[in-house]
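Accompanying notes for the structure given below.
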Amino acid sequence: MGNAEKRRVVIAGGGFFGCSIAMMLQRRGWQPIVVEEAGELLTQASRINQARVHGGYHYPRSLMTAYRSRQNYERFRLHYRDAIVDQFTKVYAIGRLFSKVTANQFEVFMKRVGAPLKAAPSAIQRLFNPVLTERIWLAQECAFDFSVLRDKLQRELAAAGIEVRLNTLVQTATPHPSGALARFSDGSECPCAYLFNATYAGLNRLTSASGLPLIPLKHELTEMALVELPQNLDGLSVTMMCGPFFSFMPFPSLGLTTLSHVRYTPHAHWFENEQTGASNPYRIFKSLDKQSHFELMVADASRYVPSLRGAVHRDSLWTVKTLLPLSEIDDGRPILFHRDAKLPAVIHVMGGKIDNIFDVEDEVARLLGTSR
Ligand SMILES: Cc1cc2nc3c(=O)[nH]c(=O)nc-3n(C[C@H](O)[C@H](O)[C@H](O)COP(=O)(O)OP(=O)(O)OC[C@H]3O[C@@H](n4cnc5c(N)ncnc54)[C@H](O)[C@@H]3O)c2cc1C
């Protein structure tokens, strides 16, 4: 076995996590190669998302996620400062009916995790329907521009001399004396010490094709409506907590706003586990009907913020959202960092949100026995 093979790591998936892991490995003296099915990096979940840098507010039922979010928030802002968009006013509110937490509980919880809240000024309070809204705060939370993250990663990968193979699928990972043998859709093979499966929705497509145990996952076909806000809501972002409510957030790369709704953003869902078997989420995604739920979203959301009725629907962003089953219970966003039980050279990685990258880096350091 050559020296290069001993240090070679294949990363399946050129999303934010796959590209970032490649950089972590290169800094530690490994030789990563990023293999991406699409013709570009960051085309899937890392592009089509709500663009929120989570500040902890979104998870009032998961202390661990909220706490870690707050810890990672400033770190993310600093590390990816060029991608940060914070020229808007972030408002969180609690619904009076159907909310899983009360306004008092929300305040106490956010104090515990160190997420600042300030009573919203009356000009903002007046935008809300007081019958349905218990309390409204200003919060410290910003957005990220995925295209800046993509360009930054592309530059870093190139400067580090890391090979990136686009339009190439990692089809299988099988045992090999060096650790694992990756087989690619162009017919080539690559022996490696480790293979990181950072394919998000595609995690089980790779495990099942490789005869490895399936990772229990839930997939959702999701729609975020892209809207232009009415003038009086310009520069504002609102997240209504904590239940079947809505959120609108800037989507910086397009200069529009996403409107999402807990009830209407998911259009369909399916599970993957040893009982159900694996699926091809990308094929399912293509086959499912994509009739917009914008009207339903705006009809419900404008009961809380009446002027939202004036939002103009420009388009919708559609993708597959993948969740770990644990998230179903407390809406938390833990990371998956799992050494395959059958083929330990394969590591399955998924971050439920973008700032989880720092938690993944801790795990990578632990795995390789190195410090940051
Ligand atoms: C609707 C939605 C809203 C979200 N909102 C937020 C938010 O506001 N804030 C936040 O922090 N997080 C949010 N997230 C989560 C966040 O987007 C993800 O945690 C993150 O983007 C995952 O990055 P990734 O690199 O793992 O996945 P991806 O970006 O999906 O990358 C996986 C890549 O693997 C490729 N691939 C798949 N199979 C193979 C294969 N076999 N071989 C080669 N390549 C393969 C795919 O083409 C893809 O490019 C949201 C996610 C969704 C879906």
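Indexing begins at 1, ligand by ligand and atom by atom, following the structure's order. Residues take their numbers from the sequence shown, with the count starting at 1.
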Open item on the list: Thr239 vs Lys90, test: side chain to side chain donor-acceptor pair (under 3.5 Å). Steps then yes/no.
Closed with: CA-CA 8 Å; Thr239 301; Lys90 184 66 223 174; 2.7 Å; yes
TODO: Report yes if Ser46 has an N/O atom closer than 3.5 Å to an N/O atom of ligand 1; otherwise report no.
DONE: yes
TODO: For ligand 1, indicate whether the residue Ala201 contacts it via side chain, backbone, both or neither (heavy-atom separation under 4.0 Å).
DONE: neither
Open item on the list: Could you tell me, atom by atom, which parts of ligand 1 come under 4.0 Å of a heavy atom of Arg52?
Closed with: 7 (C), 8 (O), 9 (N), 10 (C), 11 (O)
Open item on the list: Minimum distance, heavy atoms only, to atom 25 (O) of ligand 1: which one of Phe17, Phe144, Phe184 is it?
Closed with: Phe17
Open item on the list: Once you restrict to heavy atoms under 4.0 Å, what part of Leu317 touches ligand 1? Side chain, backbone, both or neither.
Closed with: neither
Task: Proximal ligand 1 atoms for His54, defined as those under 4.0 Å from one of its heavy atoms - done: 7 (C), 9 (N), 10 (C), 11 (O)
Open item on the list: Just to be sure I read this right, does ligand 1 sit under 4.0 Å from the backbone of Ala198, its side chain, both, or neither, counting only heavy atoms?
Closed with: backbone
Task: Test item: side-chain donor near acceptor, Glu107 and Trp137, under 3.5 Å - done: yes
Task: Asp355 versus His54, side-chain donor and acceptor atoms under 3.5 Å - done: no
Task: Tyr200, any N or O under 3.5 Å of ligand 1 N or O - done: no
Open item on the list: Side chains of His219 and His269 only: does a donor on one sit below 3.5 Å from an acceptor on the other?
Closed with: no
Open item on the list: Heavy atoms only: which of Glu36, Glu220, Arg165 lies closest to atom 33 (C) of ligand 1?
Closed with: Glu36
Open item on the list: Test your reading of the model: is there a side-chain donor-acceptor pair from Ser185 to the backbone of Leu169, 3.5 Å cut-off?
Closed with: yes
Task: Hydrophobic cluster identity match, Phe294 and Phe251, side-chain contacts under 4.5 Å - done: no
Task: Under 3.5 Å side-chain donor-acceptor pair for Asn232 and Ser307 - done: yes
Open item on the list: Could you identify the single nearest non-hydrogen protein atom to atom 38 (N) of ligand 1 and state the distance to 0.1 Å?
Closed with: Arg205 NH2, 2.9 Å
- [ ] Could you tell me whether Glu363 and Arg339 make a salt bridge, using a distance below 4.0 angstrom between a side-chain N and a carboxylate O?
- [x] no
TODO: Determine whether the side chain, the backbone, both or neither of Arg47 has a heavy atom under 4.0 Å from any heavy atom of ligand 1.
DONE: neither
Open item on the list: For atom 15 (C) of ligand 1, what is the closest protein heavy atom, and at what distance to 0.1 Å?
Closed with: Gly352 O, 3.3 Å
Task: Among Thr172, Thr199, Asn49, closest by any non-hydrogen atom to atom 45 (C) of ligand 1 - done: Thr199
Open item on the list: Can you report which non-hydrogen protein atom sits closest to atom 41 (N) of ligand 1, along with the distance?
Closed with: Val170 O, 3.0 Å
TODO: Only heavy atoms count here, so choose which of Gln44, Lys321, Lys353, Met224 is nearest to atom 12 (N) of ligand 1.
DONE: Lys353
Open item on the list: Can you confirm, on distance only, whether ligand 1 has an N/O atom lying under 3.5 Å from any N/O atom belonging to Gly351?
Closed with: yes
Task: Numbered atoms of ligand 1 (with element) below 4.0 Å of Thr319, judged on heavy atoms - done: 53 (C)
TODO: Output yes when Arg205 and Glu37 qualify as a salt bridge under the 4.0 Å nitrogen-oxygen rule, no when they do not.
DONE: yes
Open item on the list: So for ligand 1, is Ala45 a polar contact partner (N or O within less than 3.5 Å, distance only)?
Closed with: yes
Open item on the list: Quick check: Asp355 and ligand 1, any N/O pair under 3.5 Å apart?
Closed with: no
- [ ] Would you tell me which option among Ile335, Val35, Leu41, Leu323 has the nearest heavy-atom contact to atom 43 (C) of ligand 1?
- [x] Val35
Open item on the list: Starting from atom 52 (C) of ligand 1, what is the nearest protein heavy atom, named by residue and atom, and what distance separates them?
Closed with: Ile48 O, 3.8 Å
TODO: Report the part of Tyr282 in contact with ligand 1, treating N, CA, C, O as backbone and CB onward as side chain, heavy atoms under 4.0 Å; options are side chain, backbone, both, neither.
DONE: side chain
- [ ] Give a yes-or-no answer on whether the side chains of Asn104 and Arg135 include a donor-acceptor pair shorter than 3.5 Å.
- [x] yes
Open item on the list: Assess whether a salt bridge exists between Lys321 and Glu223, defined as any Lys/Arg side-chain N lying under 4.0 Å from an Asp/Glu carboxylate O.
Closed with: no
Task: Residue Lys111 excluded, over 12 heavy atoms near NZ under 6.0 Å - done: no
Open item on the list: For atom 11 (O) of ligand 1, what's the nearest protein heavy-atom neighbour? Residue, atom name and distance, please.
Closed with: Ile354 N, 2.7 Å
Open item on the list: Is it the case that the side chains of Trp270 and Ser279 hold a donor-acceptor pair, with the cut-off being a distance below 3.5 Å and no angle test?
Closed with: yes
- [ ] Scan side-chain atoms only and decide if Arg165 and Ser188 contain a donor-acceptor pair under the 3.5 Å cut-off.
- [x] yes
TODO: Under 4.0 Å from a heavy atom of Thr168: give me the atoms of ligand 1 that qualify, with their elements.
DONE: 43 (C)
- [ ] Around atom 31 (O) of ligand 1, find the nearest protein heavy atom and jot down its residue, atom name and distance.
- [x] Gly15 CA, 3.3 Å
TODO: Look at atom 1 (C) of ligand 1 and say which protein heavy atom is nearest, naming residue and atom and giving the distance to 0.1 Å.
DONE: Thr222 OG1, 3.6 Å
Open item on the list: Checking a contact table here: which protein heavy atom is nearest atom 40 (C) of ligand 1, and how many Å away?
Closed with: Leu169 CD1, 3.5 Å
Task: Residue pair Asn197 / Thr207, side-chain heavy-atom distance below 4.5 Å - done: yes
Task: Name of the residue among Phe128, Phe248, Phe245 meeting ring pair (Phe, Tyr, Trp, His ring centres under 6.0 Å) with Tyr304 - done: Phe245
